[in-house]
Amino acid sequence: MKKTPFITLEKAREIAEKIPTPYHVYDEAGIRANARALKAAFAWNQGFREYFAVKATPNPHILQVLKEEGCGCDCSSYTELLLAEAVGVTGHDVMFSSNVTPELDMKKAYDMGAYINLDDATHVDFLEKLVDQMPETVCLRYNPGGSFTISNTIMDMPRDAKYGMTEDQMAGAIARLQKLGVKHFGIHAFLASNTTTNEYYPELASNLFRLAVRLRNATGAHISFVNLSGGIGVDYRPEQPCCNIAIIGEGVRQRYEQIMVPNGMGDVAIFTELGRFMLAPYGHLIATVLHQKHIYREYVGLDACAADLMRPAMYGAYHHITVLGKEDAILDHVYDVTGGLCENNDKFAIERSLPEVQIGDIVAIHDTGAHGHSMGYNYNGKLRSAEVLLKEDGSFQLIRRAETPADYFATLDCTPFMPKC
Ligand SMILES: *Cc1c(COP(=O)(O)O)cnc(C)c1O
């Protein structure tokens with residue numbers, strides 16, 4: 001499908017007059033409409049809840065929009081818990097899915113009354129030592145090992161993944177937790193990331209539903225929810241088929257009817273912890289062309305760099321690029337589009353067909369709403385960009401200012417060298 005930016009050149013310029021590029025901009029209307037579509041797709045399940053994966057876009061203004069759409073927060077660290085708390089998301093509105101968990105983080109999640117998702121059977125003792133009374137409900141993360149395949153396609157290799165525990169360990173953990181007074185259980189697994197098939201969630205659900213039945217039968221435990229976690233992908237490439245959330249919801253419903261209902265488990269809630277699906281398409285990184293150079297390839301250099309969006313450098317990920325105002329121009333030039341880090345992998349696009357680009361052009365890099373700004377870093381002394389919320393009424397709001405040199409120096413003890421830093 002042709003990828004159309006949600007922002008016009010005029011709007012991008014209007015914002016840039018107040019908030020210089022580069023900036024990340026988020027489309028509130030798109031976020032809300034998508035959250036509603038997810039909710040509608042799972043409306044058949046009474047207890048359905050999306051816990052937005054905070055790590056994807058850890059900005060309280062975004063969490064607030066999602067909260068208004070009925071989402072909770074999925075946190076994996078102390079600071080993510082603080083962010084959830086800051087927007088009034090606490091108690092069972094928080095899922096704490098962490099691994100290699102520090103005591104401080106675990107205690108904070110417990111004190112907030114979050115659902116705690118244990119990554120390992122040894123974390124039963126770890127939690128027990130930290131708290132006076134065990135929570136009523138505990139979630140356990142499953143790792144089936146082997147490879148995870150859908151219609152003969154290998155989606156991922158759980159046996160190589162550090163997350164979760166084996167089925168035997170889960171059964172043992174449940175038995176021990178029952179002795180410690182835990183009454184209800186959740187089960188969770190995240191087996192493949194950025195999937196673009198509508199079959200991922202239904203296949204995962206079918207595995208987890210069968211597991212839930214076996215664990216219930218083995219231990220007598222009451223399973224209160226199945227957490228399908230994240231992993232629904234987005235169409236980063238224009239030619240990529242897009243996931244259809246209504247079809248995905250219906251696929252999960254069919255498995256639920258086949259497996260859960262006949263086993264007397266028709267009261268189990270479905271939870272999700274989507275990040276990418278909730279936000280990626282509703283963010284653009286807006287940048288200005290600073291330089292062009294012509295050597296063995298044609299280069300377009302932006303004022304944004306991998307410090308603003310790490311995915312291309314880190315995974316070779318494709319992000320579509322639109323030169324704003326040239327949406328309908330012919331793509332008759334081929335460029336490498338780069339940032340200014342002293343790393344040759346700082347390329348947003350390699351040999352990409354674009355319209356002829358001029359210095360001063362403004363580009364929109366697509367699908368940066370999740371795992372975009374949040375993966376930012378400060379290599380080469382680069383400062384992370386601002387975040388802007390494009391509201392439903394067309395106005396915009398600065399929801400995170402750009403970093404300044406003072407921010408970069410804030411953690412240094414630099415008083416002997418630069419007293420005013
Ligand atoms: C990263 C993560 C998610 C969200 O993943 P997406 O690919 O953004 O949907 C959900 N749950 C856990 C435990 C994660 O680590």
Side-chain angles (χ1 to χ4, degrees), residues 26 31 34-35 37-38 41-42 49-59 62-63 66 71-81 83-84 89 93-101 105-106 109 114-120 123 138-144 148 155-156 158 160-165 186-198 200-201 204-205 208 225-236 240 242-243 245 248-249 252 270-283 309-311 314-315 317 319 367-375:
Y26 304 101
I31 296 169
N34 184 61
L38 172 72
F42 286 90
R49 193 88 198 271
E50 152 70 2
Y51 291 84
F52 174 64
V54 172
K55 71 170 188 227
T57 324
N59 187 305
I62 299 291
L63 301 185
L66 290 168
C71 302
C73 288
D74 165 40
C75 302
S76 61
S77 68
Y78 184 77
T79 40
E80 287 181 0
L81 288 165
L83 275 174
V89 176
D93 296 336
V94 178
M95 179 71 59
F96 183 61
S97 290
S98 66
N99 68 96
V100 198
T101 313
D105 302 34
M106 187 67 97
Y115 281 128
I116 293 176
N117 184 11
L118 298 180
D119 183 62
D120 191 58
H123 291 198
V138 170
C139 185
L140 301 170
R141 186 165 184 167
Y142 176 52
N143 184 330
F148 179 67
M155 305 293 291
D156 215 324
D160 297 334
K162 66 174 176 172
Y163 307 107
M165 56 190 109
I187 59 175
H188 167 280
F190 188 169
L191 301 186
S193 190
N194 191 26
T195 59
T196 51
T197 157
N198 291 328
Y200 169 64
Y201 251 26
L204 170 69
L208 289 183
F225 63 85
V226 168
N227 182 346
L228 301 176
S229 190
I232 298 183
V234 301
D235 50 343
Y236 285 104
Q240 215 168 13
C242 197
C243 286
I245 198 64
I248 292 172
V252 175
I270 305 292
F271 292 167
T272 56
E273 292 175 343
L274 297 165
R276 191 184 318 271
F277 178 79
M278 301 306 286
L279 250 298
Y282 313 107
L309 176 67
M310 195 199 237
R311 298 185 72 259
M314 189 167 177
Y315 313 115
H319 279 267
D367 302 313
T368 59
H371 314 296
H373 187 284
S374 63
M375 289 174 95

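FYI, the numbering just counts along the sequence from 1. Atom set for the values below is all heavy atoms of this structure, side chains included, hydrogens, waters and symmetry mates excluded. Order of appearance sets the numbers: ligands from 1, and atoms from 1 within every ligand.
Of all the listed residues (H188, M95, R276, R141), R276 holds the heavy atom that lies closest to atom 7 (O) of ligand 1.
Counting heavy atoms under 4.0 Å from ligand 1, residue F277 does not touch it at all.
Note: Y142 and H188 fail the aromatic proximity criterion, with ring centroids not under 6.0 Å apart.
Between G275 and ligand 1, a contact under 3.5 Å exists for at least one N or O pair. Residue E273 has at least one N or O atom closer than 3.5 Å to an N or O atom of ligand 1.
For ligand 1, the atoms lying closer than 4.0 Å to a non-hydrogen atom of S97 are 13 (C). Every atom of ligand 1 with a heavy atom of G231 under 4.0 Å away is listed here by number and element: 6 (P), 7 (O), 9 (O). Proximity to D74 (heavy-atom distance under 4.0 Å) selects the following atoms of ligand 1: 10 (C), 11 (N), 12 (C).
Within the structure, ligand 1 lacks A56 among the residues with a heavy atom less than 4.0 angstrom away.
Between L309 and H319 the shortest side-chain heavy-atom distance falls below 4.5 Å.
When all heavy atoms are compared, the tightest approach of V54 to C75 is CG2-SG, 4.1 Å.
A salt bridge links R49 and D93; the closest N-O separation between the charged side-chain nitrogens and carboxylate oxygens is under 4.0 Å.
Y115 and F271 have tilted rings, their planes meeting at an angle from 30° to 60° on a 0 to 90° scale.
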